Amino acid sequence: MFSTADHLFMAQALRLAERGLYTTTPNPRVGCVIVRDNKVVGSGWHQKAGQPHAEIHALDSAGNAASGATAYITLEPCSHHGRTPPCVNALIEAGIVKVIIAMEDPNPIVCGRGRASLEQAGVMVQTGLMRNEAHALNIGFVSRMTRQRPWIRLKIAASLDGKAALNNGVSQWISGAAARQDGHRWRARSCAILTGIGTIRADNPQLTVRHVEAQRQPKKIIIDRHLAISPEARLILNGEGAWVFTSNFQSQEKKALLEQMGVHVIVLPDLKGNVDLAAMMNMLADSGINEILVEAGSGLNGALIAASLVDEIVFYLAPHLLGTEAQGMFKLTELTQIDQKKILDIQDVRMIGSDIRIIARPS
């Protein structure tokens, strides 16, 4: 169905889409290559929400050479008016005669309609070329559109005996410099970073992207049941407007003070008086959050696992042993039978500096 040349041109479009890995949120990452007579005459990628889509950049670079050409696009082109006009209209008006699409747009406003509009205009359309690669690039966007919640990724640094912190809470630094830099790449692609009040108290982290170049900082989200966070916490003082989810607090004055400092305080209890994690994820999806990176302690990690809200775990295993009394990675209820174990599917294993990075997903 697809030729070797088709694969090469779509691979180029995917590489272009990846250039928007850190910048396009809440929009998907999309690339486009325009080919005529087996030669690339135009290319582009979506760079930032509110700016022209990949197809428009590619058409602009192709100019008149787009007439009679084939467009390779990593995501079905839009057919509706959003912040920008429909891309299908631009493709049709430019004289594109064939469009090869990696994957359908999971957005129900778009899904199938872009293809239908092109076909009604006489454009030949094929879909499915390198679909898995396109899906992986936009895994958070797909999750938000199809499940109404973000893709939730845990990042954990631990010793080889599975310990993520000393018994006194100290955890800096278990992993090496290369692993920490790699972790900042996960931060940079995420729309938000989630942590708990325990981590705030123990480490007073900034949770900013520092070791890789990034044009934006992810939102900071904190689970704080009793609204115990200090107004002096670095996440508060940086002025970026952290979101604090709480459920059972006493001081309205504390809430008012935090809000005056730009913090968004959201009261969202479940039936047990804890923060309703599932409802929180739905709310964050409604706010345009595609990917969340969780950098937390064993309590929040375990709660997310128990609630079946974890999609992926990135482990950095350092060549150390911290001993029996050190803190583990997850606080989970005791198992009484081996078949109650949580099964993970290993996606990738590689060395990052002196550490082993394992990417796994709950089975």
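A quick note: this is a predicted structure, and the numbers were derived from the prediction, not measured. Atom set for the values below is all heavy atoms of this structure, side chains included, hydrogens, waters and symmetry mates excluded.
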Should I200 and W173 be regarded as members of a common hydrophobic cluster, given that ILVMFWY residues are connected when their side-chain heavy atoms come within less than 4.5 Å of each other, either directly or indirectly?
-> no
Any idea which heavy atoms bring T246 and D224 closest together, and the distance?
-> OG1-O, 2.9 Å
Can you tell me if NZ on K254 sees more than 12 non-hydrogen neighbours from other groups inside 6.0 Å?
-> yes
Exactly one of D270, I152, L268, I223 clears side chain to side chain contact (heavy atoms under 4.5 Å, CB included) with L277, and that residue is I223
Find out if a path of hydrophobic residues (ILVMFWY) with successive side-chain heavy-atom gaps under 4.5 Å connects V244 to L257.
-> yes
Is E104 salt-bridged to R115, cutoff N-O under 4.0 Å?
-> no
Heavy-atom pair of closest approach, residues V275 and F245 = CG2-O, 3.6 Å
Does S159 offer a backbone N or O that forms a donor-acceptor pair with the side chain of H320 under 3.5 Å?
-> no
Quick one: pull up CG in D105 and CG in N107 and give me the separation to the nearest 0.5 Å.
-> 5.0 Å
Going from OG1 on T74 to CG on L129, what distance comes out if it is rounded to the nearest 0.5 angstrom?
-> 11.0 Å
Please confirm whether the backbone N or O of A66 pairs with a side-chain atom of R36, one donor and one acceptor, at under 3.5 Å?
-> no
Donor-acceptor pair, Q217 side chain versus V209 backbone, under 3.5 Å?
-> yes
So, S247 side chain and G273 main chain: donor-acceptor pair closer than 3.5 Å or not?
-> yes
Which atoms form the tightest heavy-atom contact between G20 and W45, and what is the distance?
-> N-CD1, 4.1 Å
Out of curiosity, does V30 fall in the hydrophobic cluster containing L14 (side-chain heavy atoms, cut-off under 4.5 Å, transitive links)?
-> no
State yes or no: do L258 and L235 share one hydrophobic cluster built from I, L, V, M, F, W and Y residues joined by side-chain heavy-atom distances below 4.5 Å, directly or via other members?
-> yes
Looking only at atom types and distance, does a side-chain atom of E76 sit under 3.5 Å from a main-chain N or O of G114, one as donor and one as acceptor?
-> yes
So M124 and V97, side chain to side chain contact (heavy atoms under 4.5 Å, CB included) or not? Walk me through it.
-> CA-CA 6 Å; M124 181 185 298; V97 296; over 6 Å; no
Answer yes or no: are there more than 12 heavy-atom neighbours, outside D345 itself, under 6.0 Å from its atom CG?
-> yes
With side chain to side chain contact (heavy atoms under 4.5 Å, CB included) as the test, would you mind laying out the steps for M261 and L237 before giving the verdict?
-> CA-CA 8 Å; M261 298 178 71; L237 293 177; 4.0 Å; yes
For the residue pair W243 and H264, does the interplanar ring angle fall in the parallel (under 30°), tilted (30 to 60°) or perpendicular (over 60°) class?
-> perpendicular
Can you tell me if D60 uses its side chain to pair, donor with acceptor, with the backbone of H57 under 3.5 Å?
-> no
Salt bridge check: are R149 and D311 linked by an N-O gap of less than 4.0 Å?
-> yes
4.5 Å side-chain heavy-atom contact, F330 and I313 = yes
Going by heavy atoms in the side chains, are R144 and I289 under 4.5 Å from each other?
-> no
Option among R350, R357, K155 that satisfies the salt bridge (charged side-chain N to carboxylate O under 4.0 Å, His left out) test with D182 = R357
Between CZ of F141 and SG of C191, what distance do you get to the nearest 0.5 Å?
-> 11.0 Å
Under 4.5 Å between any side-chain heavy atoms of T4 and H7, yes or no?
-> no
Inter-residue atom distance L317.CG - I358.CD1, 0.5 Å rounding = 4.5 Å
Donor-acceptor contact present, side-chain E312 to main-chain I359, <3.5 Å | no
Polar side chain donor-acceptor pair, S3 to D6, under 3.5 angstrom | yes
Taking the side chain from N204 and the backbone from R234, do they hold a donor-acceptor pair closer than 3.5 Å?
-> yes
Point-to-point distance, once rounded to the nearest 0.5 Å, from CG of D276 to CG of L271 | 8.0 Å
Given side chains that start at C-beta, do those of L227 and V267 come closer than 4.5 Å, heavy atoms only?
-> no
Shortest non-hydrogen contact from R29 to A17?
-> CB-O, 3.5 Å
Qualifying residue, where the test is side chain to side chain contact (heavy atoms under 4.5 Å, CB included) with L194 and the options are E295, K220, M280, R153 = M280
Side-chain contact test, heavy atoms from C-beta onward, threshold under 4.5 Å: evaluate it for R216 versus T25 and give yes or no.
-> yes
Specify the closest pair of heavy atoms between C87 and P77, including all atoms of both residues, with the distance to one decimal.
-> CB-CB, 4.1 Å
Compare all side-chain heavy atoms of E133 with those of M103 and state whether any distance is below 4.5 angstrom.
-> no
Run through R187, Q181, R189 and flag the one making a side chain to side chain contact (heavy atoms under 4.5 Å, CB included) with R185.
-> Q181
Evaluate the criterion side chain to side chain contact (heavy atoms under 4.5 Å, CB included) for residue pair I73 and C32; output intermediate values, then yes/no.
-> CA-CA 4 Å; I73 312 172; C32 177; 3.9 Å; yes
Value for CG (L300) from OG1 (T195), rounded to nearest 0.5 Å, stands at 7.0 Å
Hey, are the side chains of V88 and V123 touching, using non-hydrogen atoms and a 4.5 Å cut-off?
-> no
Show your working on side chain to side chain contact (heavy atoms under 4.5 Å, CB included) between Q12 and V35 and close with a plain yes or no.
-> CA-CA 11 Å; Q12 183 174 341; V35 176; over 6 Å; no
For S230 and E232, indicate whether the former's side chain and the latter's backbone hold a donor-acceptor pair under 3.5 Å.
-> yes
Donor-acceptor contact present, side-chain H226 to main-chain N248, <3.5 Å | yes
Is there side-chain contact between Q47 and Q215, with at least one heavy-atom pair below 4.5 Å?
-> no
Contact summary for P150 and M281, nearest pair of heavy atoms | CD-O, 3.3 Å
Could you tell me whether Q250 atom CD has more than 12 heavy atoms of other residues or ligands within 6.0 Å of it?
-> no
Connected via hydrophobic side-chain network under 4.5 Å: F315 and L304 = yes
